*Asks:* 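My questions will all concern the structure given below.
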Amino acid sequence: METHKAKRVEIIIERPMVRRLTDALTKAGVTGYTILPVFGGSGQSGAWTREGQVSPAGGMAAVVCLIRPDRLDGLLDAAFAVVETHIGVVSITDAEVLRADRF
Amino acid sequence: METHKAKRVEIIIERPMVRRLTDALTKAGVTGYTILPVFGGSGQSGAWTREGQVSPAGGMAAVVCLIRPDRLDGLLDAAFAVVETHIGVVSITDAEVLRADRF
Amino acid sequence: METHKAKRVEIIIERPMVRRLTDALTKAGVTGYTILPVFGGSGQSGAWTREGQVSPAGGMAAVVCLIRPDRLDGLLDAAFAVVETHIGVVSITDAEVLRADRF
Amino acid sequence: MGLFELAASNLISPIILSFALGLAAALARSDLSVPEAAAKAISLYLLFAIGFKGGAGVAAHGLDGTLIGALAAGLVLSFAVPFVAFGLLRVLSKLSTIDAAAVAGHYGSISIVTFVAATSVLQSQAIASEGYMVAVAAVMEAPAILSALWIVARTGKAAEMDAGLVREILLNGSIVLLIGSFVIGWITGEEGLAQISSFIVAPFQGVLCLFLLDMGLVAGRGLRQSRGALGVGAVAFGCLMPPIGAAMGLAAGLLLGLSTGGVMLLMTLSASASYIAVPAAMRVALPEANPSVYLTLSLGVTFPFNLTLGIPLYLSAATLATGG
Amino acid sequence: MGLFELAASNLISPIILSFALGLAAALARSDLSVPEAAAKAISLYLLFAIGFKGGAGVAAHGLDGTLIGALAAGLVLSFAVPFVAFGLLRVLSKLSTIDAAAVAGHYGSISIVTFVAATSVLQSQAIASEGYMVAVAAVMEAPAILSALWIVARTGKAAEMDAGLVREILLNGSIVLLIGSFVIGWITGEEGLAQISSFIVAPFQGVLCLFLLDMGLVAGRGLRQSRGALGVGAVAFGCLMPPIGAAMGLAAGLLLGLSTGGVMLLMTLSASASYIAVPAAMRVALPEANPSVYLTLSLGVTFPFNLTLGIPLYLSAATLATGG
Amino acid sequence: MGLFELAASNLISPIILSFALGLAAALARSDLSVPEAAAKAISLYLLFAIGFKGGAGVAAHGLDGTLIGALAAGLVLSFAVPFVAFGLLRVLSKLSTIDAAAVAGHYGSISIVTFVAATSVLQSQAIASEGYMVAVAAVMEAPAILSALWIVARTGKAAEMDAGLVREILLNGSIVLLIGSFVIGWITGEEGLAQISSFIVAPFQGVLCLFLLDMGLVAGRGLRQSRGALGVGAVAFGCLMPPIGAAMGLAAGLLLGLSTGGVMLLMTLSASASYIAVPAAMRVALPEANPSVYLTLSLGVTFPFNLTLGIPLYLSAATLATGG
Ligand SMILES: Nc1ncnc2c1ncn2[C@@H]1O[C@H](COP(=O)(O)O)[C@@H](O)[C@H]1O
Ligand SMILES: Nc1ncnc2c1ncn2[C@@H]1O[C@H](COP(=O)(O)O)[C@@H](O)[C@H]1O
Ligand SMILES: Nc1ncnc2c1ncn2[C@@H]1O[C@H](COP(=O)(O)O)[C@@H](O)[C@H]1O
Ligand code: NA
Ligand code: NA
Ligand code: NA
């Protein structure tokens, strides 16, 4: 099966910032992304869990974005502008995708 | 620690199609997969969120599958047959796994 | 945008074991991890889903951990000690991260 | 009560206003939202309660011969309405064959919340109805899907229909729960109802308010995101088709000799459009059909239409026609 | 009421039929399902309500000396039952030592929903029972786990037991909530109960129906997926062990001089098998034990057995034995 | 009832004890937990119920001129309290400007559960209050955020404030639901309330117990994880600020001529600190502010303080001051 090179960018970010991030991604020309719920985690600011939480303040979400490699820089600039001053982790992996026309 | 080469396939697909996809994967000889909930996303067919939804129609799920590299083609053929006519995204990454006997 | 090499480790493990795993990771010097809920899956011990479950016994979670490559071995040893006797899958991918100081 | 008074008193009921609140909040892009798990739990509650009460009603008042007739009428209506809907859509809108067939399938099937809202109005007016109408509702969920696929097949397009899908449709969770709780209510009767009525009767209206709040939120989000997906013709269809469906239900109800309440409920069922079971089936069988078309029409246009204007209209018509 | 009438009236109660509906739906592979969060919320509700009502009962009727005795009896039963169960399993089935020990641990512990169903039957028959039986239930949750691990250790196999696990077992959410709400009910007494009875008393039976619907779904899914995991011997064990456990409870209850209702509840606790706390502990401590064996036996065989036949049987036996 | 009796009877109410149970369970590291979706669903229920009842109260007793005055007073209090809080924090603690400003913003805003607990106490004492106090609560949620950002801006630090954030704050889900259900309650009045009172009135106290159990769990987890984040000075602030805020509310309430209950509720609103809307806004606008400082102070110190000691104190003071 024919596959095409792509980048898989995974951004773990605070929930109240998700909409700002996806808006920025969309502006940077990203054609699609997927948001996964995050149950808990730990980092420099300590451990946390969503259990029993009512406020979005104390939680994170994972935004996964598959893009053509040549668009990576635009995406990273956009993501970094949002994540820079906030809690969050950005990772990039090499990937292959089916149906390149979708990215 | 000894690790073994593998492929990590991630398929983001509509919820009503998940069972069909996992059935196809199983038929293609895949020995395991994991289904992650997806909270929302955006693509060619617009943005969506699971919040408040009752029908499975408007949502996606992520199916993650670790396999031995030589089985990749079988898996992709099976996945593609299901995803082809439907909304969905398939990505493949190189990975290493512990305990190769499980794959 | 400057990026830094890292490893992305993804551990799918039974929920009752998650705290033991994250404790072991923390002891092994891991500075952060993220826990994602898992909805269902299939493997050698059959298929399962979280739907309607009350006990944590029948479910899994995914722990994602980004680390500097030189720390990988410590992490894998720690993870393996916990996963060894239990159901679970460990995969490692090469990744790049922004803001290396956080890892 | 006249049609206008009825419509007015309906419009300022807590359940309609809760729907309006959700709709307004979503259109104003408030972050008000109901977790998916909570929305699903409430919908299970509503199905269980309405099914059980219907069954207990049958246990209390007995069954006359019309049950079979009503079930058959439900089947026929569910099969037939999509053809009428498809024809109307072709006249009024520019939707593709596949989109039009998918929409038509939704209108042959039913919306259980619209049904519930109609029973609430009946109750507040102290109008009796046949308890087995709940079973009729369950029977009407699925056949319309087959009609939609048949329309598509006739036009030479391929629908992905397999044995798995047929089982999925027939054993759809909402059908199973509705029929199952109907049978439980029937078996356990008045005594069973007494045991759990402080769960399924007393708080019912209040729970319905929260559910309608959520439906307003979902409908509003849908309307906002699908701006432009619907032409004027499609929107017109969304308001014209319900009364047409209701008229078909009226005819069937009168033929069967149902009570005023029963006729009104059959009209409501025929007039309402599915937004749970059919969309999921369409995603599997007709993936090329655009979901924002059928979901927006069903949930964003026809559901509010029925809730606000349709139900009082159907009640007035049923009252007039049965002389009740 | 005789045993047969009792069993019959029990079998057609809404809660049993709801369980049957869930079971049937899962076996027929319907997609009917309850979200995990909703199922957990309902189980928190049930634990809170049953604990609180037990405590309020103690506040109302006072404590006699038997509380300590009953708690001690619960401890002893929970420790002892696994040994009997292990022995029986070795005779009846071909399970490995570890699987048999894990199963045995489940049968020494308790199923709180079975307990709740038993109190419902008592209530419907207007038979009083000691409010503190809820505390006995809480006390019986954990000790059986230790017995299971001890059996494994004795056979030379290693169980993964650490201080963390002991704390996890003893401070397990369901134990803490049951004991905690029992204490709250005791402290706030009748007055507290009056404040929240329209939440924890009135809708209780109805909520229980939805929970049993879910348990039926989970049990049915488990039975379907583990076809073949259980031999005839193991299934026989799942039906024979409950009456044996109940007999042990009966003896203890008579020794303590509990009321008819109290004896019946102690029998039910001894007869029931855990499906929440113990499975989670076993996954940590005995990872080699096959979960589909113990979960299927506990939830798919013993739970329905107790719910349908066991409870009426235990009530008849307790009535006979106490002359109540 | 004197202050001490009041405090004592308050301390042993089911809702306070449920909070204590949650707190104790979390501090003892029990795995007792409420799913996020269930907690959110309960908070939606509480907002809907309290808003609706407030609106129905206004419909029943009519509006006098004080509504506008009370809304204005709420606005002013919400704007003003953060300045007082900021000053006090600078004196008592060593928090950075940004942390202190973020905390101050929380104390100008309100905690709706504290408000609900206060209305429960009023109800149990049969003390009437103005139904529109719910609208005052809604109005007090947001302004304090602006004050906090203004304090930060004045010290030369940059807060991330954009049009999107303003909309998010003003159309925050809890404000929209509170105001929306208040309006629905007002429109549908006594009749609407009668329709859904077995949902929003009867079980209210019990649902509140479960929610406070969850809040205890979350607060306990927060306290455990943020050990050391708070100095003695900050904790002292968390206990001193509520009475100071209450005093400001008392003055405003007396000026407006509110009823005893109304004065007490305005005091409670001024004394309470936000733990939902403001933290989320602060994460967006002041990301450098440490969440464990403001969340722990608000939820771990001030919330329990108000729940146990504050509410009886404010009621006594309001009773004395109004001569009620
Ligand atoms: N190294 C890491 N790997 C995976 N997730 C991380 C990592 N570091 C931080 N996170 C996630 O990001 C959140 C915030 O991180 P921090 O800003 O370091 O507190 C954590 O709670 C985790 O969910
Ligand atoms: N480039 C992408 N990266 C990640 N997820 C995507 C991407 N494109 C689409 N998706 C996911 O797939 C869903 C359907 O995509 P589409 O068919 O393009 O509307 C979206 O809602 C996303 O959840
Ligand atoms: N090859 C795989 N790829 C992804 N997830 C897997 C794989 N194998 C197992 N899993 C996950 O690990 C769980 C336990 O696996 P097993 O121990 O093989 O039953 C499964 O239910 C899946 O969630
Ligand atoms: Na219809
Ligand atoms: Na037992
Ligand atoms: Na305040």
Side-chain angles (χ1 to χ4, degrees), chain D residues 34-49 51-53 55-56 59 163-165 167-204 206-207 276-277 280-281 284, chain E residues 8-46 49 117 120-121 123-125 196-214 216-217 220-221 224:
Chain D
V34 177
E36 176 186 1
K40 279 196 180 167
I42 298 182
S43 96
L44 293 177
Y45 166 85
L46 295 177
L47 289 166
F48 179 78
F52 196 103
K53 286 185 279 188
L165 182 61
R167 216 211 37 247
E168 264 168 46
I169 292 172
L170 291 180
L171 291 180
N172 177 279
S174 61
I175 298 185
V176 169
L177 184 50
L178 208 52
I179 296 274
S181 55
F182 175 78
V183 171
I184 296 178
W186 193 350
I187 297 178
T188 63
E190 289 288 280
E191 208 182 315
L193 186 61
Q195 275 173 52
I196 63 171
S197 74
S198 25
F199 178 62
I200 63 172
V201 178
F204 189 81
V207 179
I276 301 186
V284 173
Chain E
S9 101
N10 184 41
L11 280 177
I12 60 159
S13 70
I15 60 177
I16 306 282
L17 292 173
S18 297
F19 180 80
L21 172 57
L23 202 68
L27 291 175
R29 284 191 286 158
S30 163
D31 70 349
L32 181 58
S33 71
V34 177
E36 176 187 1
K40 279 196 180 169
I42 299 181
S43 95
L44 292 178
Y45 167 85
L46 294 176
S120 292
V121 170
Q123 217 178 315
S124 74
Q125 307 284 322
I196 63 172
S197 74
S198 23
F199 178 62
I200 65 172
V201 178
F204 189 82
Q205 293 286 329
V207 179
L208 188 56
C209 286
L210 277 197
F211 193 67
L212 283 171
L213 174 75
D214 178 53
L217 288 167
R221 242 166 12 221
R224 197 152 52 73

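Quick caveat, the model's predicted, so the values are computed rather than measured. All chains are named by letter (A, B, ...) in the order of the sequence lines, taking the proteins before the strands, and each is independently numbered beginning at 1.
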*Asks:* So how far is it from Tyr45(E) OH to Leu208(E) CG, rounded to the nearest 0.5 Å?
*Replies:* 9.5 Å
*Asks:* Between CD1 of Ile187(D) and CG of Leu11(E), what distance do you get to the nearest 0.5 Å?
*Replies:* 11.0 Å
*Asks:* Between Pro14(E), Ala39(E), Ala38(E), who has the most heavy-atom pairs with chain D when the cutoff is under 4.5 Å?
*Replies:* Pro14(E)
*Asks:* Name the region of Ser120(E), side chain, backbone, both or neither, that has any atom closer than 4.5 Å to a heavy atom of chain D.
*Replies:* neither
*Asks:* Do you know which of Arg167(D), Glu36(D), Glu191(D), Lys40(D) has the most heavy-atom pairs with chain E at a distance under 4.5 angstrom?
*Replies:* Arg167(D)
*Asks:* Between Val207(E), Ile15(E), Ile12(E), Val34(E), which residue shows the highest count of heavy-atom pairs closer than 4.5 Å to chain D?
*Replies:* Val207(E)
*Asks:* Checking Gln195(D) against chain E: side chain, backbone, both or neither under 4.5 Å from a heavy atom?
*Replies:* both
*Asks:* When rounded to the nearest 0.5 angstrom, what distance separates CG in Asp214(E) from OG in Ser18(E)?
*Replies:* 11.5 Å
*Asks:* Report the option among Ala202(D), Ala41(D), Gly180(D) that has the most heavy-atom pairs separated by less than 4.5 Å from atoms of chain E.
*Replies:* Gly180(D)
*Asks:* Can you tell me how far apart CG (Leu213(E)) and OG (Ser33(E)) are? Round to the nearest 0.5 Å.
*Replies:* 10.0 Å
*Asks:* Please identify, among Thr188(D), Ile200(D), Ile196(D), the residue contributing the most non-hydrogen atom pairs under 4.5 Å to chain E.
*Replies:* Thr188(D)
*Asks:* Measuring from atom CG of Leu178(D) to atom CG of Leu32(E), what distance do you get when rounded to the nearest 0.5 angstrom?
*Replies:* 11.0 Å
*Asks:* Please report the interatomic distance CD(Gln205(E)) to CG(Leu212(E)), rounded to the nearest 0.5 Å.
*Replies:* 10.0 Å
*Asks:* Chain D heavy atoms under 4.5 Å from Ile42(E): which part of the residue, side chain, backbone, both or neither?
*Replies:* neither
